[in-house]
Amino acid sequence: MHTPGTHDNDNDNRGVLSKLVTRASSINRALDEIGDKWCLLILQEGFWGVSAFNELMHATGASRGVLSNRLKWLQSVGCLSRERGAAGQVRYHLTDKSLDLYQCALMALQWERHHGRDRGAEDVVLRHRGCGSEFIPRVRCGACDGEIGAWDVDYAPGPGATHDEREKKTRRRSSVPLGRVSGRRHYLGLINIVGDRWTANLIALCFHGLTRFEQFHRELPVATNILADRLRLLLAQDILVREPYQVRPPRHDYRLSARGEALFPWFLTLLHWGDRWCDARGAGPPLRLTHRSCGEPLVAQVTCGACGEVLRAREVEFRASPAQR
Ligand SMILES: [Zn+2]
Ligand SMILES: [Zn+2]
């Protein structure tokens with residue numbers, strides 16, 4: 001099976017190379033399937049009902065070749081279905097699997113509202129069909145209904161705690177140029193930060209308490225220059241901050257900033273999604289999460305801030321605020 005980007009002729013991805021073996025992780029599996037910035041943009045447009053090739057090309061700013069590659073990829077992993085409409089036009093629709101990413105999409109939007117540098121997310125109004133209210137999504141522990149802080153979770157090996165063999169690709173990082181993208185840039189800031197597997201992998205490792213270059217490299221054995229480049233990006237984006245722990249030679253601890261820590265709900269909902277949809281071997285979750293506050297197994301639920309009910313896919317309406325049009 002090819003991976004997104006392998007057959008691109010954009011110079012965003014330079015294919016080839018060997019396999020990378022890392023600890024099994026639902027976040028990594030999810031990122032390997034959808035964590036490419038173009039895939040994230042396509043899925044975001046899908047949530048807004050954009051489904052025709054040309055519209056997707058216009059909305060995402062992807063070239064024909066890149067878009068066609070990612071559409072094939074997303075179909076191969078079960079995140080899009082290709083259908084021919086009544087007028088014969090081909091449409092790409094979200095599937096049950098990709099619709100189940102709505103929790104992640106909501107968390108991305110929340111992050112962008114509070115920590116994004118682009119104002120697009122402010123325009124989005126969310127309405128819960130269940131209660132009819134406009135709402136703010138909240139992440140709650142399914143057992144105690146309490147909030148879930150980034151450092152309020154214990155991780156232990158689960159039944160699927162094995163290793164995964166992953167495609168190792170050298171990628172040249174590039175951000176999505178704002179000018180090329182349509183009006184819907186509601187979580188483009190987040191996509192630009194996480195839409196490159198290694199950067200998102202690094203943030204996930206930080207949530208597990210890792211702080212040092214050697215620790216990151218042990219878990220993510222990609223070329224050290226790639227790792228250094230991604231750390232620089234995360235520092236520049238104010239996702240990580242660093243503090244020296246040794247002067248000669250200079251060595252640093254990397255820690256999440258407040259802006260970085262606020263990405264936790266996005267990662268948590270992505271981890272749950274990966275548990276549900278990316279366990280090809282059916283071995284069960286690689287990690288068992290416990291909510292420290294209540295001591296119960298952690299299942300994060302995204303609830304409606306207005307009525308408190310757990311939100312379900314298709315019950316959430318996104319729309320652009322009329323005032324902003
Ligand atoms: Zn709890
Ligand atoms: Zn509600």
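Whatever order the structure lists them in is the order used to number ligands and atoms, beginning at 1.
As for His291, its N/O/S atom nearest the Zn ion (ligand 1) is the one called ND1. Atom ND1 is the N, O or S atom of His128 at the shortest distance from the Zn ion (ligand 2).
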- request: Evaluate side chain to side chain contact (heavy atoms under 4.5 Å, CB included) for Cys278 paired with Glu33, printing each intermediate quantity in order.
  value: CA-CA 8 Å; Cys278 307; Glu33 288 198 4; 3.7 Å; yes

query: Where do Val77 and Trp277 land on the side chain to side chain contact (heavy atoms under 4.5 Å, CB included) test, with the steps shown first?
result: CA-CA 10 Å; Val77 295; Trp277 297 97; over 6 Å; no

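Of the N and O atoms on the side chains of Arg218 and Gln215, not one donor lies less than 3.5 Å from an acceptor on the other residue.
Rounded to 10 degrees, the SG-metal-SG angle spanning Cys131 and Cys307 at the Zn ion (ligand 2) equals 110°. With the Zn ion (ligand 1) as the vertex, SG (Cys294) and SG (Cys141) define an angle of 120°, rounded to 10°.
Formation of a donor-acceptor pair under 3.5 Å by the Glu296 side chain with backbone atoms of Cys144 is not found in this model.
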